[in-house]
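Throughout, a chain's letter reflects where its sequence line sits, starting with A, and its residues are numbered from 1. Both backbone and side-chain heavy atoms feed into the values below; hydrogens, waters and symmetry mates do not.
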Amino acid sequence: MAASPPSPSFDNQTNQSSSSDDEEANARLESDIRERNEFTKRLRKRDDEQTKKKFKSEPVSRDPHRSKLSVEELRKKSRRVYLAARKDKKIHELEEELIDEEYLFKDVKLTKREEENIKFKRYALDLAHEHEKAQQMENIDRYHMPDGKSDETSKNDRYREDNRYSDAKANGQAGQNFEQRKWEDEVIHTALPHFGSLDKEAKSNQPKYDYILDEEIQFVQQLTIPGVNELLQYKEKSKINEHEDENKRKHRSLQESRKTLPIYRFREDLMNAIRDHQVLIIEGETGSGKTTQLTQYLYEEGYCEPDTENVEEEEEEEEEDYDDDDNIKLPNGKKKKEKKMMMIGCTQPRRVAAMSVAARVAEEMNVKLGREVGYAIRFEDCSSERTIIKYMTDGMLLREFLSEPDLASYSVLIVDEAHERTLHTDILFGLVKDIARFRPKLKLLISSATLDAEKFSQFFDDAPIFRIPGRRFPVDIYYTKAPEADYIDAAVVTVLQIHVTQPLGDVLVFLTGQEEIETANEMLLERTRKLGTKIKELIILPIYSTLPSDMQIRIFEPAPPGARKVILATNIAETSLTIDGIHYVIDPGFCKQKTYNARNGMEALTITPISKASANQRAGRAGRVAPGKCFRLYTSWAYQHELDDNSIPEIQRTNLGNVVLLLKSLGINDLVNFDYMDPPPMETLRLAFEQLYALGALNHKVELTKLGRRMAEFPLDPMLSKTILASETYKCSAEILTIVSMLSVNNSIFFRPKDKTLLADTARQGFFTPGGDHLTLLNVYNQWKDTNYSTQWCYENFIQFRSMNRARQVRDQLEALMERVEIEIQSNPADTIGIRKAICSGFFYHTAKFSKNGMYKTVRHQQSVLIHPNSCLFDQIPRYVIYFELVLTTKEYMRQVIEIENEWLRETAPHFYKTKKLDDDNKVKKMPKVLGKIKAELERNYS
DNA sequence: GAGCACTGC
């Protein structure tokens, strides 16, 4: 996908130079692609020449920036040339792809989704061609000059978004914003216009090709996301009673602040609704208090009391000895005793959320965290026998199904942040809906922030929706007038525009990755340096997940007086962390997304346009502490027509091996007809079944085998679990545990700072171990272990301490699980063949053979692939290799590779590889009929 | 000779 979405064509009426008439006619008539590309090139060349002339004849300016103009312009131009070339390349790729797909799948029945995908590609290509034509006919001004009164410029504007604006105005939406806009105008006109003057007259006197003006971007204000300000914002200070001790006072003020939350006013209605309905969809903005208050209200209403119907059947438990310091009294005065209380469970998609919310609730209820209020996340269970309110990650609840399939100890389940649609949440939906059918007393609350609660309601048999207005300040949304070709550049320009025209308040810029953040950082530094003391101080702070912790913390430090913070962030700032003090958000409209191609098992990270839901989430980040503004670097038309409503749920773009195994071990046999809110792609399910069968986790009747049951104990991909189980045979479980743990921390072991690439590479190569990358990882871990897990050692060897620590945690967990599957921990470090054979037992499916064309071919899909340049086998050519994963980056690469012998395949996976004479090539056995049946069933269901 | 968004068990 191209970095810039295909833009709509415009009706254009701008000047065409007469010399291009013939060419233009040709272009219209000639539909041949090659011709058109040639034509574009010629036009571009001519345009470039004109630009050059313009700059040659440009009068010398008194502006001090002007002296550096040519360098700047050259840089800009090269960027433009690069982008143009990239666009051509991308269009060409798209065309090829379409031709390929039409050829490849002409006789194949495609699923609806696949058909839509092709349709979309064709549509995108058409748009791109149209756009190209429009560009050829127009000497485009890249940016339009702002005049600060966006609502008046629409009169003779040729862009569609203005029509939309008028529509909005006709609908009265613009009227709602009147006050806001007045304030806005005042602010703009009182701001110091050093740079990017808003004075119309001054502007018209300047030459059109003026550098500074060329850099400005015009925004159109569209809508304001309303806030619920009212009195809710106002927190009444508790009257200080001198006789109250510190603790009580704190508790009292906490109780008072609970009452200021928006949800408080709806408590009674909400409780009535929950009493009357088994399933309720709760829609509320973040900050409405639902996550912290809902559980407490439910507790106060008595939802934790033991299930009286079952009391008689159970034996009386011994009285426990905690009554003395028990602070919790049920509303009717009974103390928690005798019978096990029922639990209120609340799931969160993230670990930190589960922890921090639990801590907050414990504080509000004045109990110790981990007792009545607790949380459970991977590696850490902070709950006890007496826990009645339990926060946990969604994956944790999913695992609880394994030990308690009906979740009998819960009286209420709250699935919070359901709109995020994580893989685990999606699976939970189906399971929880099912148990609600045979447990009529169980209450189910699905809590979501977006406006698509309807979908949840439909899924849960038309469950009622309860809406809680949020506590949020209004956010004004601005769109660009024209599409931006280079969104990093546009983002940088917008930051500077905000900095010189808007009142103080921090800026948050959403970019797609580390590289973009670094680029933007450099650009901003350079431009602010040039502006010198003309502008106030601008503090630029990057944030992304792999940034070292000490750097991450810096974003939370407040800006010094008179200065402004600019935070350049990845998607991490969209949901995972919240930064106070943000008044302005800049949203280029893209993010990186992992895609999974089940046809060849290849993963890729691609830059894709975000969804409307995501865009709104980003905008909301500007209105947490005060009214804010969000600048979207795309047109309102693009928002309306090119962005999907919601992001594709994770279940549709990820490998499902582990989930299928988990569901199988829960006794859910029919995964094809499982109650999915959105079903996963057929290919993904099929591949999961096929792999589980090949691994021996499923038998010919597609039933879970004993091996499969043991594999399901591990929170890992089935191939990794199988590797662990196979390590028993080769007596090297200790080594395999380490390797598996290292593999599961996501390629972030080696640290490679930009200014020390050579040193870092040398350090990495120092760890290389004969046999392959898995053994290299083992080597790294063991050396680290020998230093007693030293931080300093990591630093010296360009190893990421955080990743190593995580690997260690994973390893500890896996080691504990080994006991459950009754495998002894045995170490055999010298037997690298045994270690590799164990890996082979789990990953025989991921074999590639060197082929005549100088590339490797995967045995299963005959996909041409290469060894990743970071691999220690990169400059060797083993005949057979096993890879951990396939990734598509600039090329198709195998990442984490080991060398194996041909015979090992037949030894470790005789059921998968045909046994023939030695030296013969291994041929993959045909899959048994039963898998064909699954495929047929899948096809029936998906057609 | 590459290039890694973010979660989670």
Side-chain angles (χ1 to χ4, degrees), chain A residues 347-354 376-381 392-402 417 420-428 510-519 543-547 569-577 590-595 603-608 610 614 617 647 649-651 653-655 657-659 661-662 712-718 720-721 740-741 744-752 754 757-758 760-761 764-765 800 803 806 809-810 813-814 816-817 866-871 874-875 885 887-895:
Chain A
T347 72
Q348 294 291 323
R350 275 170 298 278
R351 297 157 49 94
V352 266
I377 56 178
R378 189 184 184 183
F379 310 132
E380 202 183 338
D381 184 357
M392 63 201 122
T393 45
D394 46 10
M396 215 54 198
L397 185 62
L398 205 54
R399 288 260 144 199
E400 278 193 21
F401 272 92
L402 276 176
E417 315 283 357
E420 288 194 27
R421 303 290 308 274
T422 67
L423 174 61
H424 293 147
T425 298
D426 264 25
I427 299 295
L428 276 179
F510 284 100
L511 295 167
T512 66
Q514 180 180 350
E515 203 188 338
E516 281 186 17
I517 287 172
E518 279 165 3
T519 312
I543 177 88
Y544 44 86
S545 72
T546 50
L547 191 74
T570 58
N571 248 6
I572 195 170
E574 193 177 301
T575 47
S576 304
L577 56 88
F590 293 97
C591 69
K592 271 189 191 166
Q593 206 171 48
K594 200 165 101 175
T595 51
E603 288 176 350
L605 263 183
T606 41
I607 294 178
T608 46
I610 58 170
S614 214
Q617 172 73 22
S647 313
E650 195 183 358
I651 196 170
R653 47 188 177 81
T654 192
N655 178 350
N658 189 25
V659 165
L661 186 62
L662 184 85
E713 290 289 332
F714 293 93
L716 297 167
D717 184 275
L720 288 169
S721 314
V740 167
S741 309
S744 60
V745 294
N746 240 355
N747 269 309
S748 47
I749 300 288
F750 298 104
F751 179 56
R752 197 168 184 265
K754 235 183 181 177
T757 50
L758 217 65
D761 288 345
R764 188 169 51 83
Q765 281 155 17
Q800 303 227 32
S803 302
R806 199 177 150 73
Q809 278 188 307
V810 174
Q813 188 195 22
L814 296 179
L817 287 171
L866 293 164
I867 294 180
H868 196 279
N870 275 356
S871 167
F874 177 64
D875 44 8
E885 60 185 354
V887 288
L888 174 69
T889 51
T890 50
K891 290 177 186 137
E892 285 93 353
Y893 284 116
M894 300 181 277
R895 234 170 8 196

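Distance from the side chain of A:Ser545 is smallest to B:dA5 among B:dA2, B:dC9, B:dA5. For A:Gln514, the listed nucleotide lying nearest its side chain is B:dA5; candidates were B:dG3, B:dA5, B:dT7. Ranking B:dT7, B:dC9, B:dA2 by closeness to the A:Arg752 side chain, first place goes to B:dA2. Comparing B:dC4, B:dC6, B:dC9 against the side chain of A:Lys592 picks out B:dC4 as the nearest. Which of B:dG3, B:dG1, B:dC9 sits closest to the side chain of A:His424 comes down to B:dC9. In the set B:dG3, B:dG1, B:dC9, the nucleotide with an atom closest to the side chain of A:Phe874 is B:dG1. In this structure, of B:dT7, B:dG3, B:dC9, it is B:dG3 that holds the atom nearest to the side chain of A:Thr890. Closest to the side chain of A:Glu650, out of B:dA5, B:dA2, B:dT7, is B:dT7. Side-chain proximity of A:His868 to the nucleotides B:dG3, B:dC6, B:dC9 is greatest for B:dG3. Of the listed nucleotides (B:dC9, B:dG3, B:dT7), B:dT7 has the atom at the smallest distance from the side chain of A:Ser576.
Within 4.0 Å of A:Leu605, counting heavy atoms only, lies at least one base atom of the nucleic acid. Residue-level contact check: A:Leu398 touches neither bases nor backbone, having no heavy atom under 4.0 Å from any strand. Here A:Asn658 lies in heavy-atom contact (under 4.0 Å) with a base. Contact annotation for A:Phe714: no contact, since no heavy-atom pair falls under 4.0 Å across all strands. Across all strands shown, A:Arg350 has heavy atoms under 4.0 Å from sugar-phosphate atoms exclusively, and none from any base. Counting non-hydrogen atoms under 4.0 angstrom, A:Arg895 reaches a base of the nucleic acid.
A straight line from CG of A:Asn571 to P of B:dC4 spans 16 Å, rounded to a whole angstrom. Atom CG of A:Leu547 is separated from atom P of B:dA5 by 12 Å (rounded to the nearest Å). Rounded to an integer number of Å, the gap from CG of A:Leu888 to C1' of B:dG3 is 13 Å. Between the NZ atom of A:Lys594 and the P atom of B:dG8 there is a distance of 14 Å, rounded to whole Å. Following rounding to the nearest Å, A:Leu511 (CG) and B:dA5 (C1') show an atom-to-atom distance of 12 Å. Residue A:Glu515 contributes atom CD, which lies 9 Å from atom P of B:dC4 at whole-angstrom precision. A:Arg653 places its CZ atom 10 Å from the C1' atom of B:dT7, with the value rounded to the nearest Å. If you measure from atom CD1 of A:Ile867 to atom C1' of B:dA2, you get 15 Å, rounded to the nearest angstrom.
A donor-acceptor contact shorter than 3.5 Å links the side chain of A:Arg764 to the backbone of A:Asn870. Judged by distance alone, the side chain of A:Ser576 and the main-chain N or O of A:Ala573 form no donor-acceptor pair under 3.5 Å. At least one donor-acceptor pair closer than 3.5 Å links the side chain of A:Thr570 to the backbone N or O of A:Ile572. Looking at A:Thr425, its side chain never comes within 3.5 Å of a backbone N or O of A:Arg421 through a donor-acceptor pair.
Side chain to side chain, A:Thr654 and A:Glu650 fail the donor-acceptor criterion of an N or O pair below 3.5 Å. Side chains of A:Glu518 and A:Gln514: a donor on one and an acceptor on the other come within 3.5 Å.
Projected onto DNA chain B by closest heavy-atom contact, A:Lys891 and A:Gly395 fall at different nucleotides, the more 5' of which corresponds to A:Lys891.
Listed pair A:Thr422 / B:dT7 fails the phosphate criterion, with no side-chain N or O lying under 4.0 Å from OP1 or OP2. Dashed line: the shortest gap from a side-chain N or O of A:Tyr893 to OP1 or OP2 of B:dA2 is under 4.0 Å. In this model, the phosphate group of B:dC6 is not approached by any side-chain N or O of A:Thr575 to a distance below 4.0 Å at OP1 or OP2.
Between A:Tyr893 and A:Pro869, some side-chain heavy-atom pair lies under the 4.5 Å cut-off.
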